[in-house]
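Let me begin by presenting the structure, written as C-alpha cells, before commenting on it.
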Amino acid sequence: MIYIEQPPFAPWLGFCEALLGCDTVAFYDDVQYTRGGWQNRNRIKTADKITWLTVPVVRETGQLIKDTRIAPAFDPDWLLRQIRLAYARTAHVEEALNVLRPALTAGHEYLADLNIDLITALATALGSPARLLRTSQMKVTADGKTERLAQICAVAGERVLWAGSGTRGYLDTGELGRHRVSVRWNEFADRHPQYVQAWPRQGFVPGLSVIDAVCALGWAGTAALLRTSFEAYLPHAEKGSAA
C-alpha cells in the first residue's frame, strides 16, 4: 500500500499514520508549491492559543515544491525555542527536540529537502517500516492527476492507494481501477485519536503537528497510539472501485 502526499513541514498525525501503515510513502515534490498550504508551516499548542511554526520561503511564480528555496530569514534556533517554550511542562519535550534539531539546523537550501530530512528522522523515531520515495526522482510522464497517481503507484510497484478524504473531489477510482490500482480511504480527520495534550483548559485540539503528540507521549507512545488506531480502522476502511 502506498501513500502519496506533498512533503509537509512537521506533519500532522494523519501523515505519520501512513508512515506506520503503508509500505511506501511517496513525496509528491514535482507539483506546484501552494502558498498558505502545509509545505512550510504547521500548528502547535501554546499556553494561550494555537500558533504556527513557519519556515519562510522565497516566492517565485509557478515554482515547484522541489525548487522552492528557504528564505534567509529562517531561524531554526528560534523555532526550536518556540517548541521548548510551548511544551516546557510536558514529559517528552527534550526527546522530541533531539529528533527535530538535526534536520532543522542542517542548513538546507530547499524546503523539500528540509521537510523530507525531517520526515525521515520522524519515521525512524516512530519505527516506520515504509520506503520513502520522491516523485521527482521517479520516471513519471503522465499529465492528468489520476493518471499521474496511477503511474506513481506502478513505478513504486504498489497496487493499493491509501487516499485522504481531500482527494475525493478529483480522484477517479474507476480510472485507477483500469490501471489495476485500488483505493482505501483513510478518513483520518473523522477518527483522529485523542490523548492528553498540554494546556488542557483549551480542550483537545485535533490536527496539530506530530510535535504536539510526541511532547505528550514520546515517540514510542505516539507510534503505539497511531498503530492502535490504524489496526482498528483498516479492516473497515472504505474501498474505491478497481478492475
In one Ile/Leu/Val/Met/Phe/Trp/Tyr side-chain cluster, 4.5 Å: Y110, I70 = no

Would you say W38 and L122 are hydrophobically clustered, going by side-chain heavy atoms of ILVMFWY under 4.5 Å?
-> no

Joint cluster assignment, F188 & L208, ILVMFWY side-chain distance < 4.5 Å = no

Taking every heavy atom of I211 against every heavy atom of A10, the minimum-distance pair comes out as CD1-CB, 4.0 Å

Measure up the W162 and Y233 rings against each other and bin them: parallel (under 30°), tilted (30 to 60°), perpendicular (over 60°).
-> perpendicular

I119 to P8 - nearest heavy-atom pair and separation = CD1-O, 3.5 Å

Grab the two heavy atoms, one from W219 and one from A96, that are nearest each other, plus how far apart they are.
-> NE1-CA, 3.8 Å

Do the side chains of Y33 and N40 get nearer than 4.5 Å, heavy atoms only?
-> yes

Does any non-hydrogen side-chain atom of L161 lie less than 4.5 Å from one of T173?
-> no

For V55 and F9 the tightest heavy-atom approach is CG2-CE1, 3.6 Å

Less than 6.0 Å separating the ring centroids of H108 and F74?
-> no

So which heavy atom on N186 is nearest to which on R191, and how close?
-> O-NE, 2.8 Å

Quick one: do F15 and Y3 satisfy ring-ring contact (aromatic ring centres under 6.0 Å, His included)? Show the steps, please.
-> CA-CA 9 Å; F15 186 97; Y3 184 62; 5.8 Å; yes

Carefully, step by step, assess S229 and E17 under the rule side chain to side chain contact (heavy atoms under 4.5 Å, CB included).
-> CA-CA 9 Å; S229 176; E17 182 190 65; 3.9 Å; yes

Report the C-alpha distance between E175 and K145 in whole Å, list the side-chain angles of each, state the deciding distance to 0.1 Å, and finish with yes or no for salt bridge (Lys or Arg N to Asp or Glu O under 4.0 Å).
-> CA-CA 11 Å; E175 179 64 23; K145 288 183 177 180; over 6 Å; no

Do L217 and Y195 come within less than 4.5 Å of each other through their side chains, counting heavy atoms only?
-> yes

Would you say L114 and V31 are hydrophobically clustered, going by side-chain heavy atoms of ILVMFWY under 4.5 Å?
-> yes

Which atom pair, heavy atoms only, marks the closest approach of L126 to L20?
-> O-CD2, 3.5 Å

Please tell me if the side chains of T68 and V58 come closer than 4.5 Å, counting only heavy atoms from C-beta onward.
-> no

Can you tell me how far the CG atom of L104 sits from the CG atom of L97, to the nearest 0.5 Å?
-> 9.0 Å

Could you give all pairs that pass the side chain to side chain donor-acceptor pair (under 3.5 Å) test and reach residues 80-92, with sequence neighbours left out?
-> R84-E94, Y87-D212, H92-E95

Yes or no on side chain to side chain contact (heavy atoms under 4.5 Å, CB included) for E158 and D23, after CA distance, side-chain angles and deciding distance?
-> CA-CA 8 Å; E158 299 287 358; D23 303 295; 3.5 Å; yes

Less than 4.5 Å apart, any side-chain heavy atom of N115 and any of F27?
-> no

Are side-chain heavy atoms of R59 and R69 found at a separation under 4.5 Å?
-> no

Ionic contact status for R178 with E147, cut-off 4.0 Å = no

Are V155 and T135 close enough, and set up right, to give a side chain to side chain contact (heavy atoms under 4.5 Å, CB included), and what steps lead you there?
-> CA-CA 10 Å; V155 173; T135 58; over 6 Å; no

Residues that D30 engages under salt bridge (Lys or Arg N to Asp or Glu O under 4.0 Å), provided they are two or more places apart | R148

Stepwise side chain to side chain contact (heavy atoms under 4.5 Å, CB included) test for I116 and T120 | CA-CA 6 Å; I116 293 171; T120 301; 4.1 Å; yes

D29: which of K66, Q137, R134 passes side chain to side chain donor-acceptor pair (under 3.5 Å) = R134

To the nearest 0.5 angstrom, please state how far the CD atom of Q39 sits from the CD1 atom of I65.
-> 4.5 Å

Side-chain heavy atoms under 4.5 angstrom apart, residues restricted to Ile, Leu, Val, Met, Phe, Trp, Tyr: same cluster for V181 and L234?
-> yes

Taking the side chain as every heavy atom from C-beta outward, state whether V205 and K45 have any atom pair closer than 4.5 Å.
-> yes

Taking side chain as C-beta onward, heavy atoms only, is V183 less than 4.5 Å from V160?
-> no

